[in-house]
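One structure is given here, and the rest of the page talks about it.
Naming convention: chains lettered A, B, ... in sequence-line order (proteins, then strands); numbering from 1 in each chain.
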Protein chains: 2
Amino acid sequence: MPKDRAPTRIQKKNRAAILDAALNVFSAHGFRGSTVDQIATEAGLSKPNLLYYFPSKEAIHTALLSGLLDVWLAPLHDLDEAGDPMEEILSYIRRKLQMSRELPRESRLFANELVQGAPRIHDALSQDLKQLVDEKTAILKQWMDEGKIAQVHPYHLIFSIWALTQHYADFDVQVRAILGDEDPFEGAEPFIDTLYRKLLSP
Amino acid sequence: MPKDRAPTRIQKKNRAAILDAALNVFSAHGFRGSTVDQIATEAGLSKPNLLYYFPSKEAIHTALLSGLLDVWLAPLHDLDEAGDPMEEILSYIRRKLQMSRELPRESRLFANELVQGAPRIHDALSQDLKQLVDEKTAILKQWMDEGKIAQVHPYHLIFSIWALTQHYADFDVQVRAILGDEDPFEGAEPFIDTLYRKLLSP
DNA sequence: CGTGAGTTTGACCAGATGGTCAAATCAAGA
DNA sequence: TCTTGATTTGACCATCTGGTCAAACTCACG
């Protein structure tokens with residue numbers, strides 16, 4: 001393992017290659033189902049070489065998850081108290097759906113982790129995530145109290161958005177098995193848009 | 001492995017114990033993350049004893065999945081063309097939500113499999129499941145054309161029901177991390193009910 | 001260039017894991 | 001009770017897997 005100076009050109013390149021390879025492998029097979037060798041090969045390195053950059057399989061996984069958590073939560077973070085309620089929410093939903101389309105690996109990485117009880121990110125859930133959600137549901141509640149959107153359970157509103165949007169990334173195989181050639185997102189966007197307009201119209 | 005006569009008392013008991021144990025273990029850790037030893041211990045058997053009843057880990061998994069698929073799809077199967085449209089759909093949703101509450105292991109078993117690309121049940125998806133969904137969406141389409149419920153994309157309507165209801169089983173940890181002590185289903189039921197009433201009212 | 005830090009690798013290890021097998025034990029009907 | 005098929009198990013095996021290590025190699029810079 002290199003010293004703690006500024007990373008060299010090679011270090012930057014290889015670390016990035018490893019994390020990208022790890023995202024491919026972990027999101028497709030889960031933590032336990034992935035092997036260090038797979039990740040190394042995918043990154044174009046030998047196993048010992050990979051372990052020169054990260055001390056263990058677990059360390060790669062942790063680095064990946066914590067590095068992506070911010071990206072993953074950014075859309076909710078951007079929900080703006082000062083904006084137009086309906087537009088803010090619909091724009092949040094659109095961004096989430098777009099992330100399912102463009103970052104399905106990231107979605108499945110978290111899905112894999114969550115469905116197995118989140119053994120490695122439990123803390124982030126009950127701290128950072130909970131705090132963010134509490135903060136944003138407070139805004140939703142306020143909008144509801146002001147009559148700007150319909151009164152619904154704010155936490156379940158958030159859950160429903162997560163469920164509906166991430167479904168298309170996480171259960172992609174199933175969706176495609178049923179839709180055939182039709183692009184899932186083509187129909188999903190207007191469907192979800194309509195759904196929330198009807199639900200939230202005051 | 002026993003002859004192909006009628007199963008003995010012991011065979012019935014042990015096979016059932018193995019499948020129940022396998023459901024616990026596979027749903028919590030996924031296929032690759034589960035070990036035969038874990039399942040055997042959970043079933044109260046030694047590993048070789050377990051392998052006397054099922055020829056391999058894969059065979060247990062397959063038996064489990066195919067045995068549960070019918071249970072899992074029963075509510076959709078029961079969607080009745082002759083019933084009242086809104087009531088039929090809402091009752092389907094209620095049953096799905098109840099299954100997430102009462103059979104979360106089953107939900108997570110399928111979720112684990114699907115999120116990893118369904119390597120072991122791909123056929124069932126694009127055949128049995130697709131056929132069932134095609135059949136039922138035809139009914140939905142008809143109801144829409146008759147003006148009994150609002151016009152929405154019928155496939156995405158089904159997807160949304162799956163996503164919203166199974167979310168509470170599959171991502172249970174996350175939901176509980178955010179809701180704290182509050183019972184998730186307490187708030188989920190009225191929320192989802194309202195959501196679909198508003199969406200589908202003609 | 002030459003040198004020292006940074007990088008890469010072949011060989012290797014220990015433990016986990018899926019699966020086998022022959023021998024021992026048990027259960028139920030004749 | 002005796003016999004035969006069903007059941008159970010300890011010992012074992014081959015492979016996979018995460019991880020180590022010393023030696024070899026490469027690169028940047030004085």
field: ring-ring contact (aromatic ring centres under 6.0 Å, His included) between B/His153 and A/Phe191, intermediate numbers included
entry: CA-CA 7 Å; B/His153 194 307; A/Phe191 175 86; 7.7 Å; no
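Near-neighbour residues of DNA chain D inside residues 23-47 of chain A, defined by a heavy atom below 4.0 Å, number-ordered: A/Ser34, A/Thr35, A/Val36, A/Lys47.
Under 4.0 Å is where a charged nitrogen must lie from a carboxylate oxygen, and between A/Arg94 and A/Asp193 at least one such pair does. Using a 4.0 Å cut-off between charged nitrogen and carboxylate oxygen, A/Arg95 and A/Asp78 count as a salt-bridge pair. Between B/Asp183 and B/Arg101, at least one side-chain nitrogen of the basic residue sits less than 4.0 Å from a carboxylate oxygen of the acidic one, meeting the salt-bridge criterion. Taking 4.0 Å as the cut-off between side-chain N and carboxylate O, A/Arg15 and A/Asp20 do not count as a salt-bridged pair.
For B/Tyr53 and D/dT9, the OH to C1' distance is 13 Å, given to the nearest whole Å. The nearest whole Å value for the distance from the CG atom in A/Leu50 to the C1' atom in C/dT9 is 13 Å. Protein atom CZ of B/Arg15 is 12 Å distant from nucleotide atom C1' of D/dT7, rounded to whole Å. Atom OH in B/Tyr52 sits about 7 Å away from atom P in D/dA6, given to the nearest Å. For the pair A/Ile18 CD1 and C/dT7 C1', the interatomic distance rounds to 12 Å; values are reported in whole Å. We find that NE2 of A/His61 is positioned 13 Å from P of D/dG18, with the value rounded to whole Å. Between the CG atom of B/Leu51 and the C1' atom of D/dT7 there is a distance of 14 Å, rounded to whole Å.
Listed nucleotides: C/dG10, C/dG18, C/dG6. Nearest to the side chain of B/Lys57: C/dG18. Picking from C/dG10, C/dG19, C/dT7 the nucleotide with the shortest atom distance to the side chain of A/Thr8 gives C/dT7.
Close to C/dT8, at under 4.0 Å from its OP1 or OP2, lies a side-chain N or O of A/Asn14. Taking only side-chain nitrogens and oxygens, B/Asn49 never comes nearer than 4.0 Å to OP1 or OP2 of D/dT7. A/Gln11 has a side-chain polar atom (N or O) that falls below the 4.0 Å cut-off from OP1 or OP2 of C/dT7.
More than 12 non-hydrogen atoms from other residues, nucleotides or ligands lie less than 6.0 angstrom from CD of A/Glu182.
Annotation: B/Tyr168 is in aromatic contact with A/His156 [ring centroid separation under 6.0 Å].
Going from atom NE2 of A/His29 over to atom CD1 of A/Ile39 covers 9.5 Å, rounded to the nearest 0.5 Å.
Residues passing the salt bridge (Lys or Arg N to Asp or Glu O under 4.0 Å) test with B/Lys130, sequence neighbours excluded: B/Asp134.
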Taking only nitrogen or oxygen atoms into account, show me every contact under 3.5 Å that the protein makes with nucleotides 26-30 of chain C, one pair per line with its distance.
| residue | atom | partner | partner atom | Å |
| --- | --- | --- | --- | --- |
| C/dA28 | OP1 | B/Arg9 | NH2 | 2.9 |

